[in-house]
**Q** 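My structure is below; once you've seen it, I'll send some questions.
Atoms within each ligand, like the ligands themselves, are counted from 1 in listed order. For the single chain, residues carry numbers from 1 onward in sequence order.
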Amino acid sequence: MHDVVIVGAGPGGSAAAYYLARQGLDVLLLDKSSFPRDKTCGDGLTPRALSVLEDMRLLNDLLRVGYRLNRVEIASARGQTVEAPFPGKNGRPGYTLIVPRFTLDDTLRSHAIAHGAKFQDQVRVIEVAPTGGGMVVTGRQAGGSFSTAAHVIVVATGASIPLLQQMGLLKKMPTVALAARAYFEEVRGLTDRMQLSFAGVPLPGYGWIFPLPNGAANIGAGIFPWGWAGRWMSRNARQAFDSFIQTPLLQDMLAGARQVGPVKGYPLRMDFLSAPTYSERVLLVGEAAGLVNPLTGEGIDYALESGKVAAEHLLHLFASGDVSIHGLAEYDHLLRQRFQRLFRVCSLTRDLFVNSLLINPMISLAARRPDLKLLLIKIAFGEQNTLNNITPQRIIRRVFAG
Ligand SMILES: Cc1cc2nc3c(=O)[nH]c(=O)nc-3n(C[C@H](O)[C@H](O)[C@H](O)COP(=O)(O)OP(=O)(O)OC[C@H]3O[C@@H](n4cnc5c(N)ncnc54)[C@H](O)[C@@H]3O)c2cc1C
């Protein structure tokens, strides 16, 4: 019987494995893929993500392979831009880093193994069920079946929901955002700016241009097809991507560029506000707990952070010898304390302003009002201290005050 079995070796699962294994717990990390593997993503690591990676002592290695961006630029639907440096407050790095997931996830997984976690690839877990004093994990692997047991299971399966459904953890289908991206080489005009744009993309939604070393870039678009907008919006991220790369800015940047590999799309779960995060002998981390920023679609940061929070909480419970549901429930409290307000403010900011009526005046106002521009950037990038003092009413007042 392992202490902990972690299902899913993305950023959430590997971070949890690292923090648990380095303290001497018996940890088995499982993934259905063989590594290194790709994960459809924009590859953007926010300052939040970078501070966990720094804590894991991986930041210096990643700085050598990633592309550092010091500023963020946001373009309105009409193409008007505002730009600013990343705030870098509270000891967080004042920049972002773009690292392809092919490299990032393998680096994280190897790091967890180097600190004592065991890893098994090509195991698709299909069932997690209680047994006397623990949980049994059953799966399929090449040529047969797989089975193991643990005191506690950490589910870190990302946006994939079949396992959560089998475990009875999803009472309803989560609403998802949809996004698609492709890699390009020899892209013109790349700078040290993280470029986000509302031009050419159905709203609520946005496109991104994230530069990579040697003139390459990860370019993509995401849409949030729910609420009012969801009634008429096409649920096709590929269409949003195609329309984004037809905009004059992208036509210019991609003239002479070469697409490398296919355009790939994948859903994003952003339902943390109502998602379960634990059950008997089970904790959920990262996107399996709906932890993707509802305004920006970033989820690597929250996967890393929740992986760390889950591991630290489990270490505390194992030390006390009590992994009962009451102790595990405290994890939900820790996550809500940390993320609930942020997710609420980000959802409301998206619902209020990311629409065809308000996005242009909002960006135009932010271009004239540095305080407003900074506020929006801090909200989007999850600057905790800002959020402690902010309510949706205050945002509206700040917007209309000037
Ligand atoms: C197009 C797109 C662009 C994005 N851009 C960004 C961005 O720029 N920055 C950012 O921060 N976030 C971005 N995101 C979100 C980000 O990719 C995810 O939120 C993040 O990967 C979640 O991490 P995770 O560890 O929770 O899950 P994942 O990274 O999805 O990892 C889950 C792992 O679980 C494994 N797995 C799943 N089911 C099973 C099973 N039954 N058995 C065994 N293994 C299983 C999978 O193989 C996978 O390795 C983007 C998402 C999309 C779709």
Side-chain angles (χ1 to χ4, degrees), residues 5-17 29-50 52-53 69 96-102 104-106 108-109 119-128 137-141 146 153-167 176-182 194 196 205-210 218-223 237-238 240-241 263-270 272 284-293 296-307 310 381-382:
V5 164
I6 300 172
V7 187
S14 288
L29 181 62
L30 299 172
D31 202 287
K32 63 182 164 64
S33 308
S34 60
F35 279 68
R37 62 108 180 85
D38 192 17
K39 151 78 175 86
T40 302
C41 188
D43 304 330
L45 296 171
T46 62
R48 271 194 103 111
L50 295 180
V52 184
L53 293 165
L69 300 171
T96 57
L97 198 60
I98 313 299
V99 180
R101 294 291 295 273
F102 190 80
L104 175 75
D105 289 26
D106 202 41
L108 283 161
R109 182 195 63 97
F119 174 68
Q120 188 142 1
D121 65 357
Q122 297 182 66
V123 175
R124 180 185 291 274
V125 174
I126 49 174
E127 190 177 273
V128 173
V137 175
T138 313
R140 277 196 284 271
Q141 62 182 346
F146 173 92
I153 311 298
V154 171
V155 180
T157 44
S160 163
I161 58 170
L163 183 61
L164 294 176
Q165 286 173 319
Q166 178 280 318
M167 294 169 73
V176 291
L178 302 164
R181 66 97 175 101
M194 170 178 252
L196 310 173
Y206 75 94
W208 68 82
I209 304 155
F210 291 175
N218 178 323
I219 295 176
I223 48 172
R238 175 61 199 254
F241 172 90
V263 178
K264 284 191 180 173
Y266 202 67
L268 297 100
R269 265 190 67 194
M270 302 181 164
F272 169 69
L284 274 51
V285 306
E287 214 172 317
L291 276 166
V292 173
N293 185 308
T296 62
E298 280 140 359
I300 302 171
D301 33 16
Y302 305 105
L304 292 168
E305 268 187 59
S306 59
F381 289 92

**Q** Any heavy-atom pair between the side chains of S160 and E287 that's under 4.5 Å?
**A** no
**Q** Among all protein non-hydrogen atoms, which one is nearest to atom 31 (O) of ligand 1, and what is the separation to 0.1 Å?
**A** G10 CA, 3.5 Å
**Q** Before signing off on this row, confirm whether K32 and ligand 1 have an N or O atom pair separated by under 3.5 Å.
**A** yes
**Q** Can K264 and D38 be counted as an ion pair, charged N to O under 4.0 angstrom?
**A** yes
**Q** With heavy-atom distances below 4.5 Å as the criterion, would you say the side chains of P100 and N218 are in contact?
**A** no
**Q** Is there a donor-acceptor contact under 3.5 Å from the side chain of D31 to the main chain of D121?
**A** no
**Q** Can you tell me how far apart CG (L45) and CG (L69) are? Round to the nearest 0.5 Å.
**A** 10.0 Å
**Q** Within the 4.0 Å heavy-atom shell around G286, which atoms of ligand 1 are there?
**A** 26 (O)
**Q** List every atom of ligand 1 that sits less than 4.0 Å from any heavy atom of Y266, numbering the atoms from 1 in the order shown and giving each element.
**A** 53 (C)
**Q** Provide, to 0.1 Å, the distance between atom 42 (N) of ligand 1 and the closest protein heavy atom, together with that atom's residue and name.
**A** V125 N, 2.9 Å
**Q** In the protein, which heavy atom is nearest to atom 3 (C) of ligand 1, and how far is it?
**A** G42 N, 3.0 Å
**Q** Closest by any non-hydrogen atom to atom 16 (C) of ligand 1: pick that one out of R101, E127, E298.
**A** R101
**Q** Between A237 and ligand 1, which part of the residue brings a heavy atom under 4.0 Å of the ligand: side chain, backbone, both or neither?
**A** neither
**Q** With no hydrogens and no angle check, is any side-chain donor or acceptor of S306 less than 3.5 Å from a backbone partner on A303?
**A** yes
**Q** Report the nearest protein non-hydrogen atom to atom 24 (P) of ligand 1: residue, atom name, distance rounded to 0.1 Å.
**A** A303 CB, 3.9 Å
**Q** Identify the protein heavy atom lying closest to atom 14 (N) of ligand 1, giving its residue, its atom name and the separation to 0.1 Å.
**A** G297 O, 3.4 Å
**Q** Examine A180 against ligand 1 and note whether any of their N/O atoms are separated by less than 3.5 Å.
**A** no
**Q** Of all the atoms in ligand 1, which lie at a distance below 4.0 Å from a heavy atom belonging to S33?
**A** 47 (O)
**Q** Number the atoms of ligand 1 from 1 as they appear, then name those within less than 4.0 Å of a heavy atom of V292, with their elements.
**A** 19 (O)
**Q** Working to the nearest 0.5 Å, report the span between CZ of F210 and CG of L97.
**A** 12.0 Å
**Q** How far is atom 39 (C) of ligand 1 from the closest protein heavy atom, and which atom is that?
**A** T157 CG2, 3.6 Å
**Q** Give the atom numbers and elements of ligand 1 that come within less than 4.0 Å of a heavy atom of V7.
**A** 42 (N), 43 (C)
**Q** Counting C-beta onward and ignoring hydrogens, is there a side-chain heavy-atom pair between L291 and E305 closer than 4.5 Å?
**A** no
**Q** For ligand 1, which is the ligand I care about here, please tell me if G12 has any N or O atom under 3.5 Å from one of the ligand's N or O atoms.
**A** yes
**Q** Using 0.5 Å steps for rounding, measure from the CZ atom of R48 to the CD atom of E298.
**A** 10.5 Å
**Q** How does I300 reach ligand 1, if at all, at less than 4.0 Å between non-hydrogen atoms: by side chain, backbone, both, or neither?
**A** both
**Q** Just do the side chain to side chain contact (heavy atoms under 4.5 Å, CB included) check on L304 and L108 with the steps written out, would you?
**A** CA-CA 10 Å; L304 292 168; L108 283 161; 4.1 Å; yes
**Q** Does the ring centre of Y302 sit less than 6.0 Å away from the ring centre of F272?
**A** no
**Q** What is the closest protein heavy atom to atom 34 (O) of ligand 1, and at what distance does it sit?
**A** G8 CA, 3.2 Å
**Q** With a 3.5 Å distance limit and no angle check, can you tell me whether R269 reaches the backbone of A288 through a side-chain donor-acceptor pair?
**A** yes
**Q** Using a 4.0 Å cutoff against the non-hydrogen atoms of W208, which atoms of ligand 1 qualify?
**A** 1 (C), 3 (C)
**Q** Which ligand 1 atoms does V123 reach within 4.0 Å, using its non-hydrogen atoms?
**A** 42 (N), 43 (C)
**Q** Considering non-hydrogen atoms of the protein only, which is the closest contact for atom 26 (O) of ligand 1, and what is the distance?
**A** E287 N, 2.9 Å
**Q** Is the closest heavy atom of K264 to ligand 1 under 4.0 Å?
**A** no
**Q** Could a heavy atom of G220 be found less than 4.0 Å from some atom of ligand 1?
**A** no
**Q** For a quick test of reading the model, state the closest non-hydrogen atom pair linking A159 to Y266 and the distance between them.
**A** CB-CE2, 3.9 Å
**Q** Which one holds for D31 and ligand 1: side chain close, backbone close, both close, or neither close, with close meaning a heavy atom under 4.0 Å?
**A** both
**Q** Mark the output for R37 as yes if a heavy-atom distance to ligand 1 is under 4.0 Å, and as no if none is.
**A** yes
**Q** Between the main-chain N or O of T296 and the side-chain N or O of Y206, is there a donor-acceptor pair closer than 3.5 Å?
**A** yes
**Q** Can you sort out which atoms of ligand 1 are near K39, meaning under 4.0 Å from one of its heavy atoms?
**A** 17 (O), 21 (O), 29 (O), 30 (O)
**Q** Between the main-chain N or O of T46 and the side-chain N or O of D301, is there a donor-acceptor pair closer than 3.5 Å?
**A** no
